[in-house]
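Report on the following structure.
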Amino acid sequence: MPAQVFDLEKDRVALSELKGFWRFHTGDDPDGKLGWASPALDDSSWNLLRSDQPWSDQGYKGYGGFAWYRFQVVLPASHPPLALCIPMLSTSYQVFAEGRLIGKLGGMPPHQTVQGGTRNCDIIPIPADVEPRGIPLTIAIRVWHWPHWAYNLGGPTQPVLIGDTALLNKWRSFQLSETFRSSSAEIVLLIGAVLAGVAGLGLFLLRSREREYLWFSAYEFANAALCAWTLYRWFYAADFQRYYAAEGLIVFAQGTCSAMFLVTLLKERRGWCFWLAIGSILACTLLFLPLVLGWMSIAASILLICVAFVPFFVGTFLMLVLAARRGNLDARMLAGPVGLSFGSTVLGGLLMATVFSISQNIGVLAFRERYLNLITWPFPISSQNVADFLCQISILAILVLRFARTRRDEERHASELEAAQSVQQVLIPDECPAVPGFNIESSYIPASEVGGDFFQILPAATGGTLVVIGDVSGKGMAAAMTVSLLVGTVRTMAHFEPCPGQILAAMNQRLLGRQTCGFTTCLVIKISLDGELTAANAGHLAPYLNGTELEIPGGLPLGLAPDAEYPEQIFSLGPSDRLTLLTDGVVEARNQKGELFGFERTQAISCASAKEIARAAQAFGQEDDITVLSFTSQLPQREAITMKETVPLSSAPT
């Protein structure tokens, strides 16, 4: 049995490169009157140009506008459906077969669209009814080349293919797969940016007060949009002007969100570094305008945009450096990766822009493959990809650590708050004790979970009552511990029957050197069984008796001076007299217009019940803790209130 015979003519692949010389002519035949698309045209006077090189390399450098190509193809007697495969050909074109329009890309003047950017070929089927019988098929290609096109090419840069339509579609699928492989790093960055944006948005929803998560999310979504837009151009022919108009807006959003994220993350004020970055990104966005409108060449526009980007990188990087010098841990972790990413972007952009201005598209791609890609197989990875990846990982690590640190601080704060609330529940009486001869009411409304107001109503050993009301600056555990110290002092002193001035002097000694900020005011009143009041004041609001403010000499707030004196004032109460004590949360309540509740309103309602006074101040606009105590005398008839004497204290026990 003989060996199999391979018939190269019968079994050959029905695919050919139209690589050779085509007829070429500048100008246009818009109405077809010159017959430049017609097979009957005598084009022997047209110049011959190679079909796999742009016209800029063949004597027409700098030419922009219309040009025509013509060539002929001898078709086999029998063949499957045929098509042309036209690689990237800037910027718009029409294809004619035997004078009939069979395909196009973009639009021609006066309705031109600047097409370009795709790495894939276009498949244009050749209708069977236009194929001539026994003579070559005449193909004409009308090209409109945008004069401002970056690479200054014009015409085809790779051989046009003709052959079996099904086979060409497979070839195009292979090209798409190759484009997908070569853009794998960009696709990974796109997926990573989307996931990071979703994660940042989730963190913001969990912690809406921390705006850095929102800005990070917006920055990552802008990154994702830029990656997606770049990939779109690689896979599909895009309107060049619209593409760069959208890219300019995306770049502005990306840069603004980046600067806002850094200044919010680092808790820095918006200084000159921040405004340098914002001004730079705004200038870059405006420089896209002449690029889109064609006021200057693309090479010049891209070079100016790259140069205008430099202040943005300088400003944002200096924000990190200055914050790192001030001891910001997040800035120290970010400075290296961000500097690497910014440096790679600036260097790569300037180099590519320089190559744009002196080379063709093929030269640019070769430059990128040779100098900017660290790995070319199986997936190309550039130095920019690595720098961006490290920067992303660093930012994510910082945000995760920040979230964990904030969560830990919250748990500690919650624990401290719970402890402070427990302390305060002990220090603020839930119910007022029964005091013979008086009806007592109290109202306490803290401005936060743990306030700084305190009061105590303690029975005296000899009968009578000791009343203490005060206000500690601050909130939370620190205020609760200060209140605990003061109340402990009061309760200890109450066993020894001291006078109010001595109690304040003892409290003052206890607070010396213990207050880290603010001050503490306090009012101490001792009420005897016969209605005699002995009062001493340490910077607190004076009490009201029957709507009249009592004049009590005021001493310094507690904890400010070791030799502070607290003179006493003695009064007497009559039947049905009402004594009202309160903290400054009542007087300093403020409404939406900025008006204070004030002393006049306070005095006007000072004869109301404690709850009515507190609720009135709260409804007006509470800003601080509100505490109100009221004592209504039920003593038998005696002389009306009289001021007896003032007793100065020159020394106080510790």
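Worth knowing before you read on, the calculation uses all heavy atoms, side chains too, and leaves out hydrogens, waters and symmetry mates.
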**Message:** Is there a side-chain contact (heavy atoms from CB on, under 4.5 Å) between Thr465 and Phe438? Walk through the geometry before answering.
**Reply:** CA-CA 10 Å; Thr465 304; Phe438 289 94; 5.8 Å; no
**Complete:** Scanning both residues in full, the closest heavy-atom pair of Ile605 with Ala616 reads CD1-CB, 4.0 Å
Let me have the donor-acceptor pairs involving side chains of residues 247-259, under 3.5 Å, with sequence neighbours excluded, atom names and distances please.
unit_1, atom_1, unit_2, atom_2, d
Glu247, OE1, Tyr243, OH, 3.1
Gln254, NE2, Asn223, OD1, 2.1
Thr256, OG1, Phe252, O, 2.8

**Prompt:** Judged by atom type as modelled, is there a donor-acceptor pair below 3.5 Å linking the side chain of Gln622 to the main-chain atoms of Ala589?
**Reply:** no
**Message:** To the nearest 0.5 Å, what is the distance between SG on Cys607 and CD on Glu612?
**Reply:** 11.5 Å
**Contact check, side chains of Met260 and Arg270, non-hydrogen atoms, under 4.5 Å** = yes
**Message:** Rounded to the nearest 0.5 Å, what separates atom OG1 in Thr534 from atom CG in Leu466?
**Reply:** 10.5 Å
**Prompt:** How far apart are the closest heavy atoms of Met507 and Cys522, and which atoms are they?
**Reply:** CE-SG, 3.7 Å
**Prompt:** Is the backbone N or O of Leu262 less than 3.5 Å from a side-chain atom of Trp215, with the two atoms forming a donor-acceptor pair by type?
**Reply:** no
**Prompt:** Rounded to the nearest 0.5 Å, how far does CZ of Phe455 lie from OG of Ser443?
**Reply:** 9.0 Å
**Request:** Mind telling me whether Phe309 and Phe313 have parallel, tilted or perpendicular rings, with 30° and 60° as the class edges?
**Result:** parallel
**Distance-minimising heavy-atom pair for Thr602 and Phe597** = OG1-CD2, 3.5 Å
**Request:** Measure the spacing between OG1 of Thr264 and CG of Leu214 and express it to the nearest 0.5 Å.
**Result:** 9.0 Å
**Prompt:** Is there a side-chain contact between His540 and Ile469 (heavy atoms, below 4.5 Å)?
**Reply:** yes
**Message:** Please check this pair: side chain of Arg601 against backbone of Ala617, looking for a donor-acceptor N/O pair closer than 3.5 Å.
**Reply:** no
**Asked** Does Arg332 use its side chain to pair, donor to acceptor, with the backbone of Ala324 at less than 3.5 Å?
**Response** yes
**Request:** Before giving the answer on side-chain contact (heavy atoms from CB on, under 4.5 Å), spell out for Leu266 and Leu320 the whole-Å C-alpha distance, their side-chain angles and the decisive distance to 0.1 Å.
**Result:** CA-CA 8 Å; Leu266 303 176; Leu320 288 170; 3.8 Å; yes
**Asked** Is there side-chain contact between Leu206 and Tyr213, with at least one heavy-atom pair below 4.5 Å?
**Response** no
**Message:** Restricting to non-hydrogen atoms, name the atom on Gly470 and the atom on Thr583 that form the minimum distance, rounded to 0.1 Å.
**Reply:** O-CG2, 3.9 Å
**Complete:** Rounding to 0.5 Å, atoms CG (Leu558) and CG (Leu504) come to a distance of 6.0 Å
**Prompt:** Parallel, tilted or perpendicular: which fits the ring planes of Phe216 and Phe261, with parallel below 30° and perpendicular above 60°?
**Reply:** tilted
**Contact check, side chains of Leu486 and Val468, non-hydrogen atoms, under 4.5 Å** = no
**Asked** Are Glu568 and Lys526 within salt-bridge range, i.e. N to O under 4.0 Å?
**Response** no
**Message:** Checking the side chain of Ser280 only, and the main-chain atoms of Leu276 only, is there a donor and an acceptor separated by less than 3.5 Å?
**Reply:** no
**Prompt:** Does a side-chain heavy-atom distance below 4.5 Å link Val586 with Leu541?
**Reply:** no
**Side chains of Asn508 and Leu556 in contact at under 4.5 Å (non-hydrogen atoms)** = no
**Rounded distance (nearest 0.5 Å) linking atom OG of Ser630 with atom NZ of Lys611** = 10.5 Å
**Residue list, side chain to side chain donor-acceptor pair (under 3.5 Å) with Thr627, at least two apart or on another chain** = Asp453
**Message:** Can you confirm whether Arg211 is buried at CZ, in the sense that more than 12 heavy atoms of other residues, nucleotides or ligands lie under 6.0 Å from that atom?
**Reply:** no
**Request:** State, yes or no, whether a side-chain contact exists between Leu629 and Ser442 at a heavy-atom distance under 4.5 Å.
**Result:** yes
**Prompt:** Do you know which two heavy atoms are closest between Phe631 and Ile527, and how far apart they sit?
**Reply:** CD2-CD1, 4.4 Å
**Message:** Has Gln603 got a side-chain atom pairing as donor or acceptor with Gly547's backbone, closer than 3.5 angstrom?
**Reply:** yes
**Prompt:** Gln456 versus Arg491: any side-chain heavy-atom pair under 4.5 Å?
**Reply:** yes
**Asked** At their closest point, which heavy atom of Leu579 faces which heavy atom of Pro543, and how far apart are they?
**Response** CD1-CB, 4.0 Å
